[in-house]
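Throughout, residue positions are numbered sequentially from 1 according to the sequence presented.
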Amino acid sequence: QVQLVESGGGLVQAGGSLRLSCATSGRTFSNYAMGWFRQAPGKEREFVAGINWSGTTTEYVDSVKGRFTISRDSAKNTVYLQMNSLKPEDTAVYYCAADALGVVTTRVGNYDYWGQGTQVTVSS
């Protein structure tokens, strides 16, 4: 089992920044690919960013490219999502997830473990 706990969400004005953290415990963090997803009210959960087990490969949804950065710290068993130039359309509950295969994937169904989510609200 892998436990995931997100933190760092909050209310921010458009153009501002937030850094989300996802602390993991349980099985070996370094074996897992990690992803960030988000879900706005009335919408499906969507992929935001992912990073492979070694941290050498990242992937982003087009709408956040150049604004968001995913990273991981194996010493701290934590994955981060740095979010800059936030827009009102970024408002959602953000979830981190772990994929035991270790390869970045955008599919919700490929992830084995999920956190409880953290709310991000961007005001205009």
Side-chain angles (χ1 to χ4, degrees):
Q1 280 281 48
V2 175
Q3 292 77 43
L4 308 174
V5 179
E6 303 97 334
S7 61
L11 174 64
V12 64
Q13 289 187 334
S17 298
L18 285 173
R19 189 177 80 156
L20 305 184
S21 299
C22 175
T24 73
S25 61
R27 294 187 175 180
T28 306
F29 169 74
S30 59
N31 292 343
Y32 288 78
M34 301 297 296
W36 285 98
F37 290 76
R38 65 187 179 188
Q39 189 166 18
K43 295 188 176 181
E44 293 187 351
R45 191 168 299 189
E46 69 165 347
F47 172 83
V48 176
I51 188 167
N52 72 334
W53 68 275
S54 63
T56 56
T57 301
T58 59
E59 188 168 346
Y60 300 90
V61 67
D62 285 346
S63 60
V64 309
K65 285 180 180 177
R67 300 189 298 122
F68 291 11
T69 303
I70 188 171
S71 61
R72 63 191 300 159
D73 185 336
S74 293
K76 295 182 178 180
N77 291 342
T78 300
V79 63
Y80 303 98
L81 185 67
Q82 178 67 44
M83 306 186 295
N84 299 328
S85 302
L86 282 161
K87 304 176 181 180
E89 51 264 42
D90 295 318
T91 295
V93 177
Y94 283 70
Y95 299 88
C96 75
D99 176 7
L101 290 180
V103 179
V104 177
T105 174
T106 64
R107 294 185 59 189
V108 170
N110 284 12
Y111 286 81
D112 304 286
Y113 303 100
W114 292 83
Q116 82 289 348
T118 185
Q119 177 70 47
V120 171
T121 304
V122 184
S123 63
S124 58

Backbone N/O of E44 and side chain of Q39: donor-acceptor pair under 3.5 Å: no
Closest heavy-atom pair and its distance - K76, T78: O-OG1, 2.8 Å
Any F68 side-chain heavy atom under 4.5 Å of T58 side chain: no
N/O donor-acceptor pair under 3.5 Å between N52 side chain and A33 backbone: no
Linked, directly or transitively: L4 and V104 (ILVMFWY side chains, under 4.5 Å): no
Residue pairs passing the side-chain hydrogen bond (donor to acceptor under 3.5 Å, both in side chains) test where at least one lies in residues 79-98, sequence neighbours excluded: S17-N84, R38-D90, R38-Y94, R67-D90, Q82-N84
Could you give the side-chain donor-acceptor pairs of residues 117-124 under 3.5 Å, partners two or more places apart or in another chain?
{"from": "T118", "atom 1": "OG1", "to": "G9", "atom 2": "N", "distance (Å)": "3.3"}
{"from": "Q119", "atom 1": "NE2", "to": "A92", "atom 2": "O", "distance (Å)": "3.4"}
{"from": "Q119", "atom 1": "NE2", "to": "T121", "atom 2": "OG1", "distance (Å)": "3.3"}

Any pair counted as ring-ring contact (aromatic ring centres under 6.0 Å, His included), so long as it reaches residues 32-51, sequence neighbours left out: F37-F47, F37-Y111, F37-W114
Shared hydrophobic cluster for V108 and M34 (ILVMFWY, side-chain gaps under 4.5 Å): no
Under 3.5 Å side-chain donor-acceptor pair for S54 and T56: yes
Heavy-atom side-chain contact between T57 and I51 under 4.5 Å: no
Interatomic spacing from CG in N77 to OG in S25 - rounded to 0.5 Å: 8.5 Å
Closest non-hydrogen atom pair between L18 and L86, with its separation: N-CD1, 3.9 Å
Min side-chain heavy-atom separation L101-W53 under 4.5 Å: no
Heavy-atom check, side chain of L81 versus side chain of R19, under 4.5 Å: no
Step-by-step side chain to side chain contact (heavy atoms under 4.5 Å, CB included) determination, Y113 to T24: CA-CA 10 Å; Y113 303 100; T24 73; over 6 Å; no
CG-CG distance between D99 and D112, expressed to the nearest 0.5 angstrom: 5.5 Å
Side-chain donor/acceptor of T105 to backbone N/O of R107, under 3.5 Å: yes
Between CD on residue Q116 and SG on residue C96, distance to nearest 0.5 Å: 8.0 Å
For the student: nearest non-hydrogen atoms of R72 and S30, plus distance: NH2-CA, 4.0 Å
